[in-house]
Protein chains: 2
Amino acid sequence: MLSPGHYQILTTLSRGGPCSRTDLARTLGVSKASISGLVRDLLNQNILCEQELVFGVGRPSVSLAVRADAASFIGVSLQQDPAVLVLTDLHGSVLARVEVPRAEDPDLCVESLVAAIDQLRAAGGASTERLSGVGVALPGFVSHDRHTCVASTALGWRNVDIGAALTERTGLPTWVENDANALILGEQLFGPLRGSPDFSMVFVSYGIGCAHIVNRRLLRGNAGGAGEISHAPIAIEGFGAAPCRCGNKGCLETVASLLAITNAARRAGLPEEIGPLAALAAKGQPDALALLHRAGSALGLATAQLIQMLDPSHVVVMLDPALHDSVFAHALRKEADSHILHREGPGTMVTFRDFAPENFASGAASLAARYFISGSDEL
Amino acid sequence: MLSPGHYQILTTLSRGGPCSRTDLARTLGVSKASISGLVRDLLNQNILCEQELVFGVGRPSVSLAVRADAASFIGVSLQQDPAVLVLTDLHGSVLARVEVPRAEDPDLCVESLVAAIDQLRAAGGASTERLSGVGVALPGFVSHDRHTCVASTALGWRNVDIGAALTERTGLPTWVENDANALILGEQLFGPLRGSPDFSMVFVSYGIGCAHIVNRRLLRGNAGGAGEISHAPIAIEGFGAAPCRCGNKGCLETVASLLAITNAARRAGLPEEIGPLAALAAKGQPDALALLHRAGSALGLATAQLIQMLDPSHVVVMLDPALHDSVFAHALRKEADSHILHREGPGTMVTFRDFAPENFASGAASLAARYFISGSDEL
DNA sequence: ACCATTTTTTTATGAAATGAACCATTTGCG
DNA sequence: CGCAAATGGTTCATTTCATAAAAAAATGGT
């Protein structure tokens with residue numbers, strides 16, 4: 001239905017925001033005549049709309065923008081229990097939201113997800129008329145075809161073709177992706193860093209997840225295992241090198257994940273929840289301070305390695321709100337800063353953002369939106 | 001002169017080796033009719049040639065290959081003193097080779113390079129009729145436009161537009177690139193790993209250089225500083241964290257570079273040349289063994305970090321031949337292997353190769369060849 | 001009112017890709 | 001030996017696509 005030219009226009013608009021026909025022609029290196037025709041098609045199909053006039057010298061240009069209501073998408077996050085599902089529009093805004101318990105058994109899980117999707121469709125009303133796809137984010141490895149979960153320790157799954165199952169039950173095309181990858185792909189399409197060609201995201205949950213955009217593309221690597229930093233060898237002097245479930249010693253995950261932090265807190269007789277622990281550290285309790293400082297420093301060192309290796313323009317670290325302004329965050333920033341090679345020009349910017357399970361769901365929805373916009377899984 | 005279609009054919013052939021017209025049509029997703037016409041043009045211009053027939057059922061297919069003598073290129077390596085210049089054909093074979101002292105003063109340097117290039121042209125004879133470009137590899141940072149050396153501590157240069165100078169004096173288009181980048185771009189176009197979408201190269205010289213191909217493209221990063229591992233924080237327990245010229249402590253460069261190794265050897269009263277040092281270690285001299293083991297382990301740890309982060313299919317480590325089968329290499333492999341997360345399927349393959357200054361020169365030549373083949377600096 | 005300037009549309013022209021038919025050359029089989 | 005089946009490559013009329021040039025539209029300044 002849409003030609004490559006149409007997709008190029010949609011991609012350019014969602015990458016750089018609204019612009020005129022002439023801008024599009026310049027950016028894409030084609031004639032204004034071609035753009036004119038393609039834009040007409042997209043206007044007729046209610047995918048684009050003309051926005052306000054931009055006045056300069058001469059005839060004002062009309063801004064073109066992708067219509068938010070041109071399509072809607074469903075995103076499923078199995079990153080935590082409960083699972084979160086959202087219905088989003090083409091700008092990534094959440095139109096409806098549902099939570100369901102995350103079932104371990106694959107069949108039960110699909111069952112409850114299908115029910116939740118029906119709920120979302122009902123809640124969305126007219127906006128689901130052009131519902132065009134489902135995305136799933138899960139903690140684990142996903143096969144090359146973006147259908148099957150090859151392995152997930154968190155879910156206890158091996159070779160579960162959840163993509164095919166959902167497609168069959170909902171009649172909607174479905175894309176499956178690793179949780180960290182879905183998160184960063186959502187950021188690339190919908191987030192504040194949209195359009196940046198090189199950036200990375202790290203999140204601290206029970207484990208530590210990480211993904212990278214390099215040259216505008218997701219870094220997957222040869223076997224799809226690229227970008228992992230949770231098993232980076234963080235053998236800082238003075239840090240004990242605890243054995244990790246991966247068989248090595250001194251992995252980042254054994255120090256900086258929420259699981260590691262709460263385990264260490266329990267052993268030290270400190271509160272096991274991250275909120276109270278951070279509050280205690282804020283009051284100056286020495287053990288809590290040391291624990292969070294150590295964890296933050298470890299993640300900071302890994303971040304420095306990441307920055308040295310990939311030289312991204314931004315690294316976004318998603319943290320529990322309780323940690324946002326804590327010694328954890330400060331130690332992270334300091335350790336990262338002290339281990340990167342400073343050069344001229346603006347270096348990598350490290351920013352913190354609140355961790356919310358919803359982000360994974362809307363990242364998952366963006367997988368389907370991406371296909372709508374670019375006709376493929378690349379932008 | 002050549003259209004995008006022509007370049008696509010040349011790129012496909014040099015990426016995947018000789019193939020038939022029908023294969024090209026399948027690979028590129030265009031009709032046989034289009035390929036037929038484009039190939040005819042390239043045959044007429046003596047850029048392609050028809051090779052042997054491949055028999056199967058039905059009419060045999062004729063293999064098409066890029067002619068080695070379709071063009072020739074000059075590569076300049078300023079990676080070491082003396083500078084090495086080579087004349088290569090379109091398959092990367094070295095047709096002639098010249099060395100000249102590497103002058104510090106930019107003007108003098110250009111002067112001697114121009115003279116050496118004339119020598120190469122004379123030595124190349126008829127093969128330089130279609131000489132189509134010059135590439136320069138140098139240790140330092142190169143501006144975004146691939147003309148100017150922004151900074152090089154090894155050469156003592158700041159903002160030297162060596163590209164423009166050579167273009168003016170030789171009349172040939174010139175591309176300038178960082179030494180490690182030139183090396184891996186040469187491997188991508190001419191080497192055994194040609195066509196691999198994800199691989200990395202590391203070389204151990206007075207410093208340590210490193211570059212990566214990700215998704216078939218050179219990893220440059222936001223500020224062009226990606227891929228550097230020489231300042232990776234290698235703070236292995238038991239390894240002293242020596243201060244580095246970058247201001248941090250415990251950088252890889254302070255342990256594993258040839259400069260660091262020979263400095264440490266001098267302090268320990270061991271031979272300062274790498275050959276005798278390696279020989280001593282091979283005989284079992286404890287201090288020499290410890291020194292090389294420590295250096296190899298450090299590089300191995302950095303290699304493990306690299307593999308975890310990028311998940312390449314191959315890592316090629318270029319070493320002085322004396323180190324090739326030494327405790328350095330063994331420690332490197334062991335340390336790398338023990339710090340990567342093993343998963344199903346074939347993991348990253350780490351291979352050693354002899355370090356030769358020529359590789360940088362032919363890598364530099366490949367920059368010009370790349371332009372001939374793809375019409376841009378991407379493959 | 002009129003001109004300069006810039007954006008957008010229209011239109012006529014040319015280039016490029018295609019599908020379908022056709023020719024070429026081999027293997028396999030009776 | 002002869003013929004069908006299969007595959008590779010070419011030719012050519014047709015369609016699609018992109019473009020440049022011209023025209024129209026919309027505004028600011030003089």
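We name chains A, B, ... by the order of the sequence lines, and we start the count at 1 in each one. What you see below is based on every heavy atom in this structure, not just the backbone, and it leaves out hydrogens, waters and symmetry mates.
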(request) Name all pairs fulfilling the salt bridge (charged side-chain N to carboxylate O under 4.0 Å, His left out) condition that reach into residues 364-379 of chain B, sequence neighbours left out, sorted by first residue then second. (result)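 Output for this query lists R217(B)-E378(B).
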(message) Going by salt bridge (charged side-chain N to carboxylate O under 4.0 Å, His left out), name the pairs with one or both residues in residues 58-75 of chain B, residues two or more places apart or in two chains.
(response)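 Non-adjacent pairs meeting salt bridge (charged side-chain N to carboxylate O under 4.0 Å, His left out): R67(B)-D69(B).
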(request) For L28(A) and dC17(D), give me the distance from atom CG to atom P, rounded to whole Å. (result)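 The distance from CG of L28(A) to P of dC17(D) comes to 17 Å, rounded to the nearest Å.
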(request) On DNA chain C, reading 5' to 3', which nucleotide is the first and which the last to sit with an atom under 4.0 Å from a heavy atom of chain B, could you check? (result)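 Listing 5' to 3', DNA chain C meets chain B from dA17(C) to dT27(C).
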(message) Test of understanding: with side chain to side chain donor-acceptor pair (under 3.5 Å), list the residues that count as partners of R169(B), not counting sequence neighbours.
(response)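 R169(B) satisfies side chain to side chain donor-acceptor pair (under 3.5 Å) with E111(B) only.
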For [X], enumerate each residue passing the salt bridge (Lys or Arg N to Asp or Glu O under 4.0 Å) test, keeping only those at least two apart in sequence or located in another chain.
X       : value
D23(B)  : R26(B)
R146(A) : E177(A)
D41(B)  : none
D145(B) : none

(message) Taking ring-ring contact (aromatic ring centres under 6.0 Å, His included) as the definition, give me every residue that meets it alongside F190(B), ordered by chain and number, with sequence neighbours left out.
(response)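 ring-ring contact (aromatic ring centres under 6.0 Å, His included) check on F190(B) returns nothing, list empty.
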(message) Holding to ring-ring contact (aromatic ring centres under 6.0 Å, His included), I want the full list of residues that pass it with Y371(A), two or more places apart in sequence or in another chain.
(response)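 Here the qualifying residues are W175(A).
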(request) Classify every nucleotide of nucleotides 4-12 of chain D by which part a protein heavy atom approaches to under 4.0 Å, writing B for the base, S for the sugar-phosphate alone and - for neither, in 5'-to-3' order. (result) --BBBBBBB
(request) Identify, residue by residue, the members of residues 9-17 of chain A with a heavy atom below 4.0 Å from DNA chain C, and return them in order of residue number, or none. (result)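 Those residues: none at all.
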(request) Both distances under 3.5 Å, Watson-Crick or G-U wobble: report the partner of dT30(D), or none. (result)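 With both distances under 3.5 Å, dT30(D) matches dA1(C).
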(request) Run the salt-bridge test on E187(B) and R353(B) with the 4.0 Å N-O cut-off and return the result as yes or no. (result)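 Yes, this pair counts.
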